[in-house]
Each structure stands twice: as C-alpha cells, then as structure tokens.
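Letters A, B, ... mirror the listed sequences (proteins, then strands); counts begin at 1. Computed over heavy atoms, backbone and side chain alike; hydrogens, waters and symmetry mates excluded.
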Amino acid sequence: MQESERLFAYAVSRVGNRETAEDLVQDVVVAAWEKRSGFDGRSLLGTWLFGIMKFKILDHYRAQRRTPTSLSVDPIDNGEWGGDPLDQLFDAQGSWKIDPNYGMETFVDTPVDEAKRNDILSAVKGCMDGLSERLRLLFSLREIDQLPVAEAAAAAGVTPGSAAVLLTRARHQLRACLQRHHIVP
Amino acid sequence: MNCNHPPAPRPALSYRFMQALMGPFMKLAGLSCRHFAELCSAELDRPLTSGERFRYRFHSMMCRVCRPLPRQFATLSALTHCCVDDSAAGSPDPKPESLLDEAARERIEHSLHAAVAKGDNPS
C-alpha cells in the first residue's frame, strides 16, 4: 500500500481532484493485479505501476471529453492573464515590451538535477498551477505525457488548430510567469 | 504565486531603436519577434515549413534579444517533464494533503480483494 500513496499523490497532482485520484488508484491496483503476469521484474514495481497510472489518467481524460463538462465549453481560453499572454509581452508591431532574458540566465543555466534541489522546480509547479484548467491539461498531456498534438488535443477536448494556439500561450505564460515570479538575477 | 520581484525591465535602448526603425517591415515580412516567439513554440509541436524555417533562422541571426528563447523553452519543457513525475512519484514522503484517507484505503483494499477472489475463482 506504500506504492498506492505515491500513486495517489501523483494522480492528485495530475487530475487535481481527490475523488478522481482515489478512483484512479483503485483502477490501477486492480489492473495491476489482473495484469500481474505482464510484470517481468526487469523494472521496479513502482515504475510499472506508474506506467499503468499514466494510461489510466489518459483514459480518464478521454472519457471526460465524451461527457459534457466545463472543459468542453470554450475552445480558446486565456487563464489568469485575461487575454492572450502574447499581447501582454509584445506591442502592436510584434516587438518585446519587456526584456525576455532578464533574470532567465539562472533558469536556463541550471542543470535539471540541480533544479530539482532548489526553488526552480517549485516555481515551475507554481506557475503551472496558474494556468487555466484547459491550458494545464493540454500542456501536461503534451509535455509530460509527450502525446502527439492531435492526441493531446483530442484528450483535452479541443481541435488540433486550437491546441497549437493554446500550447503557444501556455509556454509563453509559463515563461513569463517564471520570469516575473522567481528568477532573480 | 506571490510576486515580490520587480517586473522585468523594458528591452535595451538599442533594441528599441532598431525595432522603431525596422519593426513595421519585420512585421510585414512575418519576421517580428512575436512571429519568432510563435515559431519557437510551434517547432516543439511540429516540423516547421521551409518558409517558417527560413524566417526562424533569419530572425535568430538578426535578433540578439530573441536568440536565447528556444533554449528557454527547451529548459521549460525538460523541467516541466521532470517536475510532475518527480514531485509525486519520486518523493519518498508524499505531502499530508496528498495521502489517501482511511475510507479510500479500505475501498481500494476491498476492490483488490474482490479482484483476487475473482482471479482465484474465475467461474
């Protein structure tokens, strides 16, 4: 059951809802038992279970897409920025309003392993939490699960064309958030 | 997130001067910084067309301010990828708010026992 706690923490971080996360853990535990012959011991048990959990999370989003929810209302949303983040970063002729490199050296020059130990990772998480639900979902399906854009768009309930726009917004919003909130030269 | 840091300053005077001179033409030719920023994101999702590749390279060559942008996005991608996986999955001690409560634990154990019983007795 120790693994189930980690599975639950992971599921909560991905779906943001305790009840759904509990259901997912339950599904994973049962699926793991049913597919136990497929576990050959070459990987850690936890790694295998997390592999199942990732599929369950994708199934969850795909199933949710078929159900009318708030996620399928608005094809393009702008999150906390109240508009296209690019409009706030660029002027009318497409020039930067702010210096995009101010303070970003720390961010870019810190190796990932080191970033895990310091505040950069928590800043990334904090900024991801600031994305709207749809942006966060689409961005995490694309960047964390590394789904192709079309599949991520389908799971998030948007068209592939909208997904390209939304992913651009998400990346710029995150980049700007990190610049605004965390990275100090 | 709370912000205690000063906002990023305006770009350097030399950049603003160049943009004042060239900005309208760059925009017209699809070579503005905003176009470049959009291409930086697009190239992470799909192969750029030859026209886009040309504009991307040309802008990258011309604009010192935009040049670090692809690396910033690559770093963001790498950190995002490890942040969710590591924060929950790799952490030996999940945060208290991320712990299963007793009722959920029992429910999961019950469903596991049911699956075990079903496996032992397939009929």
Side-chain angles (χ1 to χ4, degrees), chain A residues 1 4-6 8-10 12-14 22 25-26 29-30 33-34 46 50 86 89-90 93-104 107-108 112 115-116 120-121 123-130 139-140 142-144 146 149 164 167-168 171-172 174-175 177-182 184, chain B residues 1-3 5 7-12 15-16 19 23-24 26-27 32-35 37-38 40-42 44-46 65-66 68-69 71-73 75-89 91 94-95 97-101 104-105 107-109 111-112 114-116 119:
Chain A
M1 287 302 277
S4 65
E5 293 292 359
R6 292 188 189 176
F8 179 68
Y10 178 74
V12 169
S13 76
R14 292 298 310 276
E22 286 171 11
V25 174
Q26 184 175 329
V29 168
V30 171
W33 172 258
E34 288 171 352
F50 274 95
L86 275 77
L89 295 170
F90 297 94
Q93 66 180 24
S95 307
W96 288 99
K97 289 181 187 171
I98 49 117
D99 179 356
N101 302 312
Y102 177 77
M104 292 301 277
F107 174 67
V108 170
V112 169
K116 286 180 191 173
I120 293 182
L121 213 55
V124 173
K125 283 169 65 183
C127 287
M128 273 186 74
D129 290 343
F139 183 76
S140 59
R142 176 76 187 122
E143 294 288 352
I144 298 165
Q146 299 192 314
V149 175
L167 283 168
T168 299
R171 290 189 182 109
H172 279 280
L174 282 175
R175 198 207 67 80
C177 174
L178 285 166
Q179 190 177 22
R180 274 190 316 169
H181 293 289
H182 173 72
V184 188
Chain B
M1 289 182 76
N2 293 323
C3 174
H5 305 304
R10 295 173 70 194
Y15 172 85
R16 282 184 277 149
Q19 290 297 317
M26 300 282 268
K27 185 185 177 186
S32 69
C33 296
R34 180 173 177 149
H35 281 120
E38 286 169 348
C40 286
S41 173
L44 299 174
D45 297 325
R46 61 175 173 84
V65 170
C66 285
L69 213 55
R71 199 165 159 224
Q72 289 179 11
F73 281 133
T75 308
L76 180 63
S77 179
L79 285 176
T80 314
H81 191 251
C82 77
C83 106
V84 170
D85 277 4
D86 282 30
S87 62
S91 146
K95 291 174 185 169
E97 65 268 22
S98 300
L99 291 174
L100 281 165
D101 60 36
R105 196 187 297 263
R107 188 160 59 89
I108 291 165
E109 279 179 353
S111 62
L112 180 59
V116 171

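Heavy-atom minimum distance, A/Leu167 versus A/Phe139: CD2-CA, 3.9 Å. Taking both residues in full, the closest heavy atoms of A/Leu174 and A/Met128 are given as CD2-N, 3.5 Å, listed atom of the first, atom of the second, then distance.
Contact of B/Ala12 with chain A is not made at all, since no heavy-atom distance falls under 4.5 Å.
Taking A/Arg171, A/Arg142, A/Glu143 one by one and counting their heavy-atom pairs under 4.5 Å with chain B, the maximum is reached by A/Arg171. Counting heavy-atom pairs under 4.5 Å between each of B/Pro68, B/Pro24, B/Pro11, B/Cys40 and chain A puts B/Pro11 at the top.
Taken as a pair, B/Cys66 and B/Cys33 fail the criterion of an SG-SG distance shorter than 2.5 angstrom.
Within a 6.0 Å radius of CZ in B/Arg10, other residues, nucleotides and ligands contribute 12 heavy atoms or fewer.
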